[in-house]
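Only one structure is covered here, and it is reproduced in the block below.
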Protein chains: 2
Amino acid sequence: MQSILENIAKHVALTPQEQELFLSKTETKPFKAKTILLSAGEVATCTYFVNSGILRSFNINDNIIEHVLHFACEGWWIGDMYSYISGKPGNLFLEVLEDAEVVIITKENQQQLYQEIPKLERFFRILAENSLVSHQERLMDNLSLTAEERFEKFCSKYPTLIQKVPQKHIASYIGVTPEFFSKMKARLLKK
Amino acid sequence: MQSILENIAKHVALTPQEQELFLSKTETKPFKAKTILLSAGEVATCTYFVNSGILRSFNINDNIIEHVLHFACEGWWIGDMYSYISGKPGNLFLEVLEDAEVVIITKENQQQLYQEIPKLERFFRILAENSLVSHQERLMDNLSLTAEERFEKFCSKYPTLIQKVPQKHIASYIGVTPEFFSKMKARLLKK
DNA sequence: AAGGGCACTTAACCTAGATTAAGAAATTAT
DNA sequence: ATAATTTCTTAATCTAGGTTAAGTGCCCTT
(Lines give C-alpha, C1' and ligand atoms only; values in the text may rest on other atoms or scores of the structure.)
Protein backbone atom coordinates (compact mmCIF):
# COMPACT_ATOMS: atom_id res chain seq x y z
CA MET A 1 0.00 0.00 0.00
CA GLN A 2 1.35 3.38 -0.99
CA SER A 3 1.12 5.86 1.83
CA ILE A 4 0.20 9.48 1.41
CA LEU A 5 3.70 10.47 2.55
CA GLU A 6 5.27 8.40 -0.21
CA ASN A 7 2.88 10.05 -2.62
CA ILE A 8 4.08 13.48 -1.53
CA ALA A 9 7.72 12.36 -1.58
CA LYS A 10 7.41 11.77 -5.31
CA HIS A 11 7.47 15.53 -5.83
CA VAL A 12 8.70 17.28 -2.68
CA ALA A 13 10.91 16.23 0.25
CA LEU A 14 9.39 16.74 3.70
CA THR A 15 11.46 16.54 6.90
CA PRO A 16 10.34 14.00 9.54
CA GLN A 17 8.80 16.85 11.55
CA GLU A 18 6.93 18.14 8.54
CA GLN A 19 5.68 14.64 7.83
CA GLU A 20 4.40 14.36 11.36
CA LEU A 21 2.74 17.76 11.15
CA PHE A 22 1.15 16.80 7.87
CA LEU A 23 -0.27 13.57 9.23
CA SER A 24 -1.58 15.36 12.32
CA LYS A 25 -3.77 17.46 10.01
CA THR A 26 -5.30 14.44 8.32
CA GLU A 27 -7.78 11.83 9.36
CA THR A 28 -7.80 8.27 8.06
CA LYS A 29 -11.12 6.42 7.94
CA PRO A 30 -12.49 3.14 6.61
CA PHE A 31 -15.64 3.21 4.50
CA LYS A 32 -17.91 0.43 3.32
CA ALA A 33 -18.80 0.05 -0.34
CA LYS A 34 -21.80 2.17 -1.42
CA THR A 35 -21.06 4.89 1.11
CA ILE A 36 -21.67 8.35 -0.31
CA LEU A 37 -18.92 10.65 0.96
CA LEU A 38 -20.28 13.73 -0.78
CA SER A 39 -23.50 14.59 -2.58
CA ALA A 40 -24.36 17.11 -5.28
CA GLY A 41 -25.66 20.30 -3.71
CA GLU A 42 -23.27 20.08 -0.79
CA VAL A 43 -20.16 22.18 -0.37
CA ALA A 44 -17.03 20.04 -0.56
CA THR A 45 -14.99 20.78 2.52
CA CYS A 46 -12.44 18.01 2.12
CA THR A 47 -10.01 16.43 -0.29
CA TYR A 48 -9.57 12.67 -0.27
CA PHE A 49 -6.60 10.36 -0.78
CA VAL A 50 -7.29 6.68 -1.31
CA ASN A 51 -5.16 4.27 0.72
CA SER A 52 -7.08 1.24 -0.46
CA GLY A 53 -10.34 0.40 -2.18
CA ILE A 54 -12.00 2.29 -5.02
CA LEU A 55 -14.03 5.51 -5.17
CA ARG A 56 -15.73 7.29 -8.03
CA SER A 57 -17.00 10.80 -8.60
CA PHE A 58 -19.99 11.41 -10.85
CA ASN A 59 -22.81 13.81 -11.55
CA ILE A 60 -26.44 13.20 -12.37
CA ASN A 61 -28.33 14.79 -15.25
CA ASP A 62 -31.99 15.64 -15.05
CA ASN A 63 -32.20 13.35 -12.01
CA ILE A 64 -31.64 10.32 -14.22
CA ILE A 65 -28.40 9.80 -16.03
CA GLU A 66 -25.09 9.43 -14.22
CA HIS A 67 -21.79 10.50 -15.72
CA VAL A 68 -18.58 9.26 -14.15
CA LEU A 69 -15.94 11.96 -13.90
CA HIS A 70 -13.30 9.90 -12.16
CA PHE A 71 -12.28 6.69 -10.55
CA ALA A 72 -9.74 6.70 -7.73
CA CYS A 73 -7.99 3.67 -6.36
CA GLU A 74 -4.91 3.13 -4.20
CA GLY A 75 -2.63 6.15 -4.31
CA TRP A 76 -5.04 8.53 -6.06
CA TRP A 77 -6.55 11.82 -4.94
CA ILE A 78 -10.18 12.59 -5.50
CA GLY A 79 -12.77 15.22 -4.60
CA ASP A 80 -14.98 17.92 -6.05
CA MET A 81 -12.38 20.52 -6.99
CA TYR A 82 -14.95 23.03 -8.19
CA SER A 83 -16.87 23.10 -4.94
CA TYR A 84 -13.72 22.78 -2.87
CA ILE A 85 -12.01 25.85 -4.29
CA SER A 86 -15.09 27.99 -4.86
CA GLY A 87 -16.83 27.19 -1.60
CA LYS A 88 -20.08 26.82 -3.55
CA PRO A 89 -22.39 23.79 -3.67
CA GLY A 90 -21.02 21.27 -6.13
CA ASN A 91 -22.52 18.97 -8.75
CA LEU A 92 -20.61 15.84 -7.90
CA PHE A 93 -21.30 12.76 -5.87
CA LEU A 94 -18.42 10.86 -4.33
CA GLU A 95 -19.15 7.18 -3.79
CA VAL A 96 -17.22 4.22 -2.44
CA LEU A 97 -17.28 1.39 -5.00
CA GLU A 98 -15.16 -1.07 -3.05
CA ASP A 99 -14.48 -1.04 0.72
CA ALA A 100 -11.90 1.66 1.20
CA GLU A 101 -9.53 3.35 3.58
CA VAL A 102 -9.40 7.06 2.87
CA VAL A 103 -7.20 9.90 4.11
CA ILE A 104 -9.25 13.05 4.57
CA ILE A 105 -7.90 16.61 4.61
CA THR A 106 -10.22 19.47 5.38
CA LYS A 107 -9.86 22.71 3.51
CA GLU A 108 -9.03 24.54 6.74
CA ASN A 109 -6.26 22.12 7.53
CA GLN A 110 -4.95 22.30 4.01
CA GLN A 111 -4.79 26.09 4.22
CA GLN A 112 -2.89 25.84 7.49
CA LEU A 113 -0.52 23.33 5.97
CA TYR A 114 0.20 25.72 3.10
CA GLN A 115 1.24 28.31 5.69
CA GLU A 116 3.34 25.96 7.75
CA ILE A 117 4.89 23.93 4.94
CA PRO A 118 5.13 26.13 1.85
CA LYS A 119 6.64 23.22 -0.07
CA LEU A 120 3.13 21.78 -0.16
CA GLU A 121 2.09 24.58 -2.50
CA ARG A 122 4.52 23.06 -4.96
CA PHE A 123 3.24 19.56 -4.36
CA PHE A 124 -0.37 20.47 -4.95
CA ARG A 125 0.60 22.64 -7.89
CA ILE A 126 2.25 19.65 -9.53
CA LEU A 127 -0.73 17.48 -8.65
CA ALA A 128 -3.14 19.95 -10.24
CA GLU A 129 -0.94 20.31 -13.31
CA ASN A 130 -0.78 16.55 -13.84
CA SER A 131 -4.49 16.22 -13.37
CA LEU A 132 -5.04 19.07 -15.81
CA VAL A 133 -2.93 17.31 -18.43
CA SER A 134 -4.88 14.09 -18.10
CA HIS A 135 -8.18 15.95 -18.34
CA GLN A 136 -6.99 17.73 -21.47
CA GLU A 137 -6.04 14.42 -23.00
CA ARG A 138 -9.37 12.86 -22.12
CA LEU A 139 -11.19 15.85 -23.56
CA MET A 140 -9.33 15.59 -26.85
CA ASP A 141 -9.91 11.83 -26.88
CA ASN A 142 -13.63 12.39 -26.49
CA LEU A 143 -13.56 14.81 -29.40
CA SER A 144 -11.48 12.72 -31.75
CA LEU A 145 -11.66 9.01 -30.94
CA THR A 146 -14.46 6.47 -31.42
CA ALA A 147 -15.99 4.74 -28.42
CA GLU A 148 -13.99 1.64 -29.26
CA GLU A 149 -10.71 3.54 -29.27
CA ARG A 150 -11.56 5.23 -26.00
CA PHE A 151 -12.33 1.86 -24.47
CA GLU A 152 -9.02 0.41 -25.62
CA LYS A 153 -7.20 3.40 -24.21
CA PHE A 154 -9.05 3.01 -20.94
CA CYS A 155 -8.05 -0.66 -20.76
CA SER A 156 -4.38 0.03 -21.28
CA LYS A 157 -4.42 2.97 -18.89
CA TYR A 158 -6.39 1.39 -16.05
CA PRO A 159 -6.05 -2.38 -16.54
CA THR A 160 -6.94 -3.20 -12.94
CA LEU A 161 -10.19 -1.25 -12.91
CA ILE A 162 -11.86 -3.31 -15.63
CA GLN A 163 -12.15 -6.38 -13.44
CA LYS A 164 -13.15 -4.46 -10.37
CA VAL A 165 -15.83 -1.93 -11.19
CA PRO A 166 -19.27 -2.58 -12.73
CA GLN A 167 -18.96 -2.11 -16.47
CA LYS A 168 -21.82 0.34 -16.60
CA HIS A 169 -19.54 2.77 -14.77
CA ILE A 170 -16.79 2.25 -17.31
CA ALA A 171 -19.33 2.80 -20.08
CA SER A 172 -20.29 6.06 -18.41
CA TYR A 173 -16.65 7.10 -18.03
CA ILE A 174 -15.87 6.63 -21.71
CA GLY A 175 -19.17 8.24 -22.65
CA VAL A 176 -21.51 5.55 -24.00
CA THR A 177 -24.65 3.80 -22.75
CA PRO A 178 -24.32 0.44 -20.96
CA GLU A 179 -26.21 -1.20 -23.86
CA PHE A 180 -23.84 0.10 -26.47
CA PHE A 181 -20.87 -0.80 -24.31
CA SER A 182 -22.09 -4.37 -24.08
CA LYS A 183 -22.55 -4.57 -27.85
CA MET A 184 -19.11 -3.09 -28.45
CA LYS A 185 -17.48 -5.52 -26.03
CA ALA A 186 -19.09 -8.51 -27.76
CA ARG A 187 -17.85 -7.16 -31.09
CA LEU A 188 -14.31 -6.79 -29.76
CA LEU A 189 -14.27 -10.31 -28.33
CA LYS A 190 -15.09 -11.81 -31.72
CA LYS A 191 -11.91 -10.37 -33.18
CA MET B 1 -5.46 45.97 -21.17
CA GLN B 2 -4.90 43.74 -18.19
CA SER B 3 -1.21 43.32 -17.40
CA ILE B 4 0.37 40.11 -16.29
CA LEU B 5 1.16 41.71 -12.92
CA GLU B 6 -2.49 42.52 -12.36
CA ASN B 7 -3.30 38.94 -13.30
CA ILE B 8 -0.92 37.68 -10.63
CA ALA B 9 -2.21 40.21 -8.11
CA LYS B 10 -5.62 38.53 -8.30
CA HIS B 11 -4.23 35.68 -6.23
CA VAL B 12 -0.92 36.65 -4.61
CA ALA B 13 0.64 39.98 -3.59
CA LEU B 14 4.13 40.65 -4.96
CA THR B 15 6.36 43.43 -3.64
CA PRO B 16 7.58 46.02 -6.18
CA GLN B 17 10.99 44.31 -6.24
CA GLU B 18 9.40 40.94 -6.86
CA GLN B 19 7.33 42.42 -9.63
CA GLU B 20 10.43 43.81 -11.25
CA LEU B 21 12.23 40.50 -10.89
CA PHE B 22 9.27 38.72 -12.41
CA LEU B 23 9.12 41.00 -15.42
CA SER B 24 12.88 40.68 -15.94
CA LYS B 25 12.35 36.95 -16.49
CA THR B 26 9.72 37.46 -19.15
CA GLU B 27 9.80 38.65 -22.71
CA THR B 28 6.95 40.46 -24.44
CA LYS B 29 6.58 40.11 -28.18
CA PRO B 30 4.11 41.06 -30.89
CA PHE B 31 2.93 38.38 -33.33
CA LYS B 32 1.00 38.62 -36.57
CA ALA B 33 -2.16 36.60 -37.14
CA LYS B 34 -1.47 33.10 -38.53
CA THR B 35 1.89 32.82 -36.75
CA ILE B 36 2.48 29.36 -35.32
CA LEU B 37 4.16 29.72 -31.95
CA LEU B 38 4.46 26.00 -31.32
CA SER B 39 3.97 22.89 -33.45
CA ALA B 40 3.05 19.30 -32.60
CA GLY B 41 6.18 17.22 -32.24
CA GLU B 42 8.12 20.05 -30.61
CA VAL B 43 8.92 20.30 -26.93
CA ALA B 44 7.10 23.23 -25.33
CA THR B 45 9.72 25.29 -23.54
CA CYS B 46 7.53 28.28 -22.76
CA THR B 47 4.25 29.34 -21.24
CA TYR B 48 2.33 32.22 -22.79
CA PHE B 49 0.21 35.04 -21.40
CA VAL B 50 -1.90 37.04 -23.82
CA ASN B 51 -1.76 40.83 -23.47
CA SER B 52 -3.90 41.42 -26.53
CA GLY B 53 -5.15 39.53 -29.57
CA ILE B 54 -6.32 35.93 -29.73
CA LEU B 55 -4.49 32.58 -29.79
CA ARG B 56 -5.74 29.04 -30.01
CA SER B 57 -4.26 25.64 -29.23
CA PHE B 58 -5.30 22.59 -31.23
CA ASN B 59 -4.20 19.16 -32.31
CA ILE B 60 -4.49 17.38 -35.64
CA ASN B 61 -5.82 13.86 -36.12
CA ASP B 62 -4.53 11.58 -38.82
CA ASN B 63 -3.03 14.65 -40.50
CA ILE B 64 -6.49 15.90 -41.33
CA ILE B 65 -8.89 16.94 -38.65
CA GLU B 66 -8.16 19.76 -36.23
CA HIS B 67 -9.56 19.85 -32.71
CA VAL B 68 -9.44 23.10 -30.79
CA LEU B 69 -8.41 22.62 -27.17
CA HIS B 70 -8.46 26.27 -26.18
CA PHE B 71 -8.84 29.85 -27.11
CA ALA B 72 -6.92 32.53 -25.25
CA CYS B 73 -7.55 36.22 -25.44
CA GLU B 74 -6.57 39.22 -23.32
CA GLY B 75 -5.60 38.14 -19.81
CA TRP B 76 -5.49 34.37 -20.48
CA TRP B 77 -2.63 31.91 -20.17
CA ILE B 78 -2.03 29.30 -22.82
CA GLY B 79 0.50 26.64 -23.77
CA ASP B 80 1.01 22.91 -24.10
CA MET B 81 0.98 21.86 -20.47
CA TYR B 82 1.69 18.21 -21.24
CA SER B 83 4.85 18.89 -23.17
CA TYR B 84 5.87 21.72 -20.87
CA ILE B 85 5.83 19.68 -17.69
CA SER B 86 6.96 16.35 -19.15
CA GLY B 87 9.69 17.75 -21.40
CA LYS B 88 8.46 15.41 -24.14
CA PRO B 89 7.32 16.38 -27.64
CA GLY B 90 3.73 17.56 -27.53
CA ASN B 91 0.66 17.11 -29.70
CA LEU B 92 -0.50 20.68 -29.78
CA PHE B 93 -0.15 23.56 -32.16
CA LEU B 94 -0.33 27.10 -30.85
CA GLU B 95 -1.53 29.61 -33.40
CA VAL B 96 -2.20 33.35 -33.43
CA LEU B 97 -5.73 34.01 -34.68
CA GLU B 98 -5.69 37.79 -34.33
CA ASP B 99 -2.59 40.02 -34.13
CA ALA B 100 -1.35 39.62 -30.60
CA GLU B 101 1.05 40.79 -27.94
CA VAL B 102 2.24 37.88 -25.86
CA VAL B 103 4.27 37.58 -22.67
CA ILE B 104 6.59 34.60 -22.84
CA ILE B 105 8.10 32.77 -19.88
CA THR B 106 10.60 30.01 -20.46
CA LYS B 107 10.51 26.94 -18.29
CA GLU B 108 14.01 27.71 -16.99
CA ASN B 109 12.98 31.18 -15.94
CA GLN B 110 9.81 29.89 -14.36
CA GLN B 111 11.81 27.39 -12.31
CA GLN B 112 14.12 30.17 -11.16
CA LEU B 113 11.15 32.32 -10.27
CA TYR B 114 9.73 29.51 -8.14
CA GLN B 115 13.02 29.52 -6.18
CA GLU B 116 13.23 33.26 -5.82
CA ILE B 117 9.54 34.02 -5.26
CA PRO B 118 7.94 30.98 -3.60
CA LYS B 119 4.59 32.78 -3.61
CA LEU B 120 4.47 32.05 -7.33
CA GLU B 121 4.06 28.37 -6.52
CA ARG B 122 0.77 29.37 -4.98
CA PHE B 123 -0.21 31.52 -7.92
CA PHE B 124 0.41 28.80 -10.47
CA ARG B 125 -1.22 26.23 -8.22
CA ILE B 126 -4.38 28.31 -8.18
CA LEU B 127 -4.13 28.85 -11.92
CA ALA B 128 -3.82 25.10 -12.54
CA GLU B 129 -6.69 24.34 -10.17
CA ASN B 130 -8.99 26.80 -11.91
CA SER B 131 -8.04 25.47 -15.29
CA LEU B 132 -8.64 21.95 -14.03
CA VAL B 133 -12.12 22.87 -12.88
CA SER B 134 -13.05 24.36 -16.23
CA HIS B 135 -11.71 21.31 -18.05
CA GLN B 136 -13.73 19.04 -15.80
CA GLU B 137 -16.82 21.04 -16.53
CA ARG B 138 -16.21 20.97 -20.26
CA LEU B 139 -15.63 17.23 -20.11
CA MET B 140 -18.92 16.63 -18.32
CA ASP B 141 -20.67 18.97 -20.74
CA ASN B 142 -19.35 16.96 -23.67
CA LEU B 143 -20.67 13.79 -22.06
CA SER B 144 -24.09 15.07 -21.12
CA LEU B 145 -25.17 18.01 -23.27
CA THR B 146 -26.29 18.19 -26.90
CA ALA B 147 -24.28 20.19 -29.43
CA GLU B 148 -26.91 22.91 -29.21
CA GLU B 149 -26.62 23.17 -25.45
CA ARG B 150 -22.83 23.26 -25.64
CA PHE B 151 -23.04 26.03 -28.19
CA GLU B 152 -25.37 28.08 -26.01
CA LYS B 153 -23.05 27.61 -23.07
CA PHE B 154 -20.10 28.66 -25.18
CA CYS B 155 -21.93 31.81 -26.24
CA SER B 156 -22.74 32.86 -22.71
CA LYS B 157 -19.26 32.00 -21.48
CA TYR B 158 -17.23 33.63 -24.26
CA PRO B 159 -19.57 36.19 -25.86
CA THR B 160 -16.75 38.19 -27.40
CA LEU B 161 -15.14 35.24 -29.17
CA ILE B 162 -18.14 34.48 -31.37
CA GLN B 163 -17.73 37.63 -33.42
CA LYS B 164 -13.96 37.38 -33.63
CA VAL B 165 -12.92 33.85 -34.50
CA PRO B 166 -13.90 31.84 -37.61
CA GLN B 167 -16.91 29.76 -36.72
CA LYS B 168 -15.27 26.54 -37.88
CA HIS B 169 -12.95 26.89 -34.87
CA ILE B 170 -15.90 27.30 -32.54
CA ALA B 171 -17.50 24.23 -34.14
CA SER B 172 -14.31 22.32 -33.44
CA TYR B 173 -14.17 23.57 -29.85
CA ILE B 174 -17.67 22.39 -29.06
CA GLY B 175 -17.05 19.14 -30.92
CA VAL B 176 -19.06 19.21 -34.15
CA THR B 177 -18.26 19.55 -37.85
CA PRO B 178 -18.46 22.99 -39.51
CA GLU B 179 -21.34 21.73 -41.66
CA PHE B 180 -23.38 20.60 -38.71
CA PHE B 181 -22.55 23.81 -36.88
CA SER B 182 -23.89 25.83 -39.77
CA LYS B 183 -27.08 23.78 -39.87
CA MET B 184 -27.54 24.12 -36.12
CA LYS B 185 -27.00 27.89 -36.23
CA ALA B 186 -29.64 28.28 -38.96
CA ARG B 187 -32.04 26.22 -36.86
CA LEU B 188 -31.42 28.40 -33.80
CA LEU B 189 -31.94 31.61 -35.76
CA LYS B 190 -35.39 30.49 -36.84
CA LYS B 191 -36.54 30.30 -33.24
C1' DA C 1 -9.97 44.93 -60.61
C1' DA C 2 -9.43 40.41 -61.01
C1' DG C 3 -8.76 36.11 -59.48
C1' DG C 4 -7.59 32.55 -56.01
C1' DG C 5 -8.25 30.76 -52.13
C1' DC C 6 -10.85 30.47 -47.65
C1' DA C 7 -15.13 30.38 -44.96
C1' DC C 8 -19.78 29.49 -44.95
C1' DT C 9 -24.23 27.31 -46.48
C1' DT C 10 -27.40 23.85 -48.13
C1' DA C 11 -28.98 19.38 -49.09
C1' DA C 12 -29.01 14.34 -49.77
C1' DC C 13 -27.56 10.45 -47.73
C1' DC C 14 -25.16 7.70 -44.08
C1' DT C 15 -23.67 5.71 -39.47
C1' DA C 16 -22.17 5.50 -34.64
C1' DG C 17 -24.31 5.29 -30.90
C1' DA C 18 -29.04 6.10 -28.29
C1' DT C 19 -33.43 4.31 -26.92
C1' DT C 20 -36.71 0.90 -25.73
C1' DA C 21 -37.85 -3.39 -24.22
C1' DA C 22 -37.36 -7.99 -22.67
C1' DG C 23 -34.86 -11.70 -20.83
C1' DA C 24 -30.60 -13.90 -18.64
C1' DA C 25 -27.02 -13.85 -15.30
C1' DA C 26 -24.94 -12.40 -11.26
C1' DT C 27 -25.02 -10.17 -6.56
C1' DT C 28 -27.05 -9.12 -2.33
C1' DA C 29 -30.12 -9.55 1.28
C1' DT C 30 -33.23 -12.37 4.17
C1' DA D 1 -31.16 -21.60 -0.01
C1' DT D 2 -34.27 -18.40 -2.02
C1' DA D 3 -36.17 -14.11 -3.18
C1' DA D 4 -35.09 -9.53 -4.60
C1' DT D 5 -32.43 -6.47 -6.81
C1' DT D 6 -28.80 -5.15 -9.86
C1' DT D 7 -26.11 -5.84 -13.73
C1' DC D 8 -25.45 -7.45 -18.27
C1' DT D 9 -26.95 -8.98 -22.92
C1' DT D 10 -29.46 -8.99 -27.22
C1' DA D 11 -32.18 -7.12 -30.73
C1' DA D 12 -35.23 -3.89 -33.15
C1' DT D 13 -35.79 0.72 -34.10
C1' DC D 14 -34.50 5.58 -34.10
C1' DT D 15 -31.73 10.03 -34.34
C1' DA D 16 -28.01 13.42 -33.61
C1' DG D 17 -24.58 14.45 -35.93
C1' DG D 18 -21.16 12.99 -39.81
C1' DT D 19 -19.94 12.74 -44.80
C1' DT D 20 -19.92 14.07 -49.37
C1' DA D 21 -20.62 17.27 -52.70
C1' DA D 22 -21.89 21.46 -54.94
C1' DG D 23 -22.55 26.23 -54.80
C1' DT D 24 -22.07 31.17 -52.78
C1' DG D 25 -19.80 34.92 -50.93
C1' DC D 26 -15.81 37.34 -49.19
C1' DC D 27 -11.41 38.62 -48.01
C1' DC D 28 -6.67 38.79 -49.49
C1' DT D 29 -3.17 39.41 -52.56
C1' DT D 30 -0.97 41.36 -56.73
Side-chain angles (χ1 to χ4, degrees), chain A residues 32-36 53-54 56 58 60-68 71 93 95-99 141-155 161-191, chain B residues 32-36 54 56 58 60-68 71 95-99 141-155 161-191:
Chain A
K32 291 302 240 178
K34 297 191 180 174
T35 310
I36 300 288
I54 304 176
R56 70 164 176 142
F58 63 100
I60 298 185
N61 259 89
D62 307 323
N63 294 334
I64 304 176
I65 301 164
E66 294 182 4
H67 289 280
V68 174
F71 296 107
F93 294 81
E95 182 197 29
V96 180
L97 289 181
E98 199 178 68
D99 291 1
D141 286 350
N142 281 343
L143 292 179
S144 58
L145 303 182
T146 63
E148 213 167 298
E149 290 166 329
R150 276 176 274 143
F151 176 47
E152 276 162 3
K153 206 159 175 182
F154 182 89
C155 290
L161 277 178
I162 303 151
Q163 280 83 310
K164 291 187 180 170
V165 321
Q167 80 179 25
K168 63 173 183 166
H169 293 330
I170 296 173
S172 170
Y173 182 93
I174 69 170
V176 296
T177 59
E179 294 85 355
F180 182 76
F181 189 90
S182 182
K183 186 159 87 179
M184 181 174 75
K185 213 182 65 172
R187 199 167 58 211
L188 285 171
L189 283 174
K190 273 188 198 149
K191 289 185 186 171
Chain B
K32 291 301 238 178
K34 297 190 183 174
T35 309
I36 301 288
I54 304 176
R56 69 164 176 142
F58 63 99
I60 298 186
N61 257 89
D62 309 324
N63 294 334
I64 303 176
I65 303 163
E66 293 181 6
H67 289 279
V68 174
F71 296 107
E95 184 198 28
V96 179
L97 289 181
E98 199 178 68
D99 291 1
D141 286 350
N142 281 343
L143 292 178
S144 58
L145 303 182
T146 64
E148 213 166 295
E149 290 166 329
R150 276 176 273 142
F151 176 48
E152 276 161 4
K153 207 159 174 181
F154 182 89
C155 290
L161 277 179
I162 302 151
Q163 280 84 310
K164 290 187 180 172
V165 320
Q167 81 178 26
K168 64 173 184 167
H169 294 330
I170 295 172
S172 170
Y173 182 94
I174 70 169
V176 297
T177 58
E179 294 86 355
F180 182 75
F181 188 90
S182 182
K183 188 159 84 180
M184 181 174 75
K185 213 182 66 174
R187 199 167 58 212
L188 284 171
L189 283 174
K190 272 186 199 150
K191 289 185 186 172

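Numbers restart at 1 for each chain; the letters A, B, ... are given by sequence-line order, proteins then strands.
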Open item on the list: With a 3.5 Å distance limit and no angle check, can you tell me whether B/D99 reaches the backbone of B/A33 through a side-chain donor-acceptor pair?
Closed with: yes
- [ ] Find the distance A/L97:CG to D/dT7:P and express it as a whole number of Å.
- [x] 10 Å
- [ ] Locate the shortest heavy-atom distance separating A/N61 from B/S144; write the atom from each residue and the value.
- [x] OD1-CB, 3.0 Å
Task: Integer-rounded Å distance: D/dG17 P and A/L143 CG - done: 13 Å
Task: Residue pair A/F151 / A/V176, side-chain heavy-atom distance below 4.5 Å - done: no
TODO: Give me the ring orientation class for A/F93 and A/F58: parallel if the planes are under 30° apart, tilted from 30 to 60°, perpendicular past 60°.
DONE: parallel
- [ ] Rounded off to whole Å, could you give me the CG-to-P distance for the B/N61 and D/dG18 pair?
- [x] 14 Å
Task: Sugar-phosphate or base contact per nucleotide [nucleotides 6-28 of chain C; S, B, -; heavy atom under 4.0 Å] - done: -SSBB------BBBBB-------
TODO: For B/V165 and B/I54, work out which heavy atoms get closest and say how close.
DONE: CG1-CD1, 4.0 Å
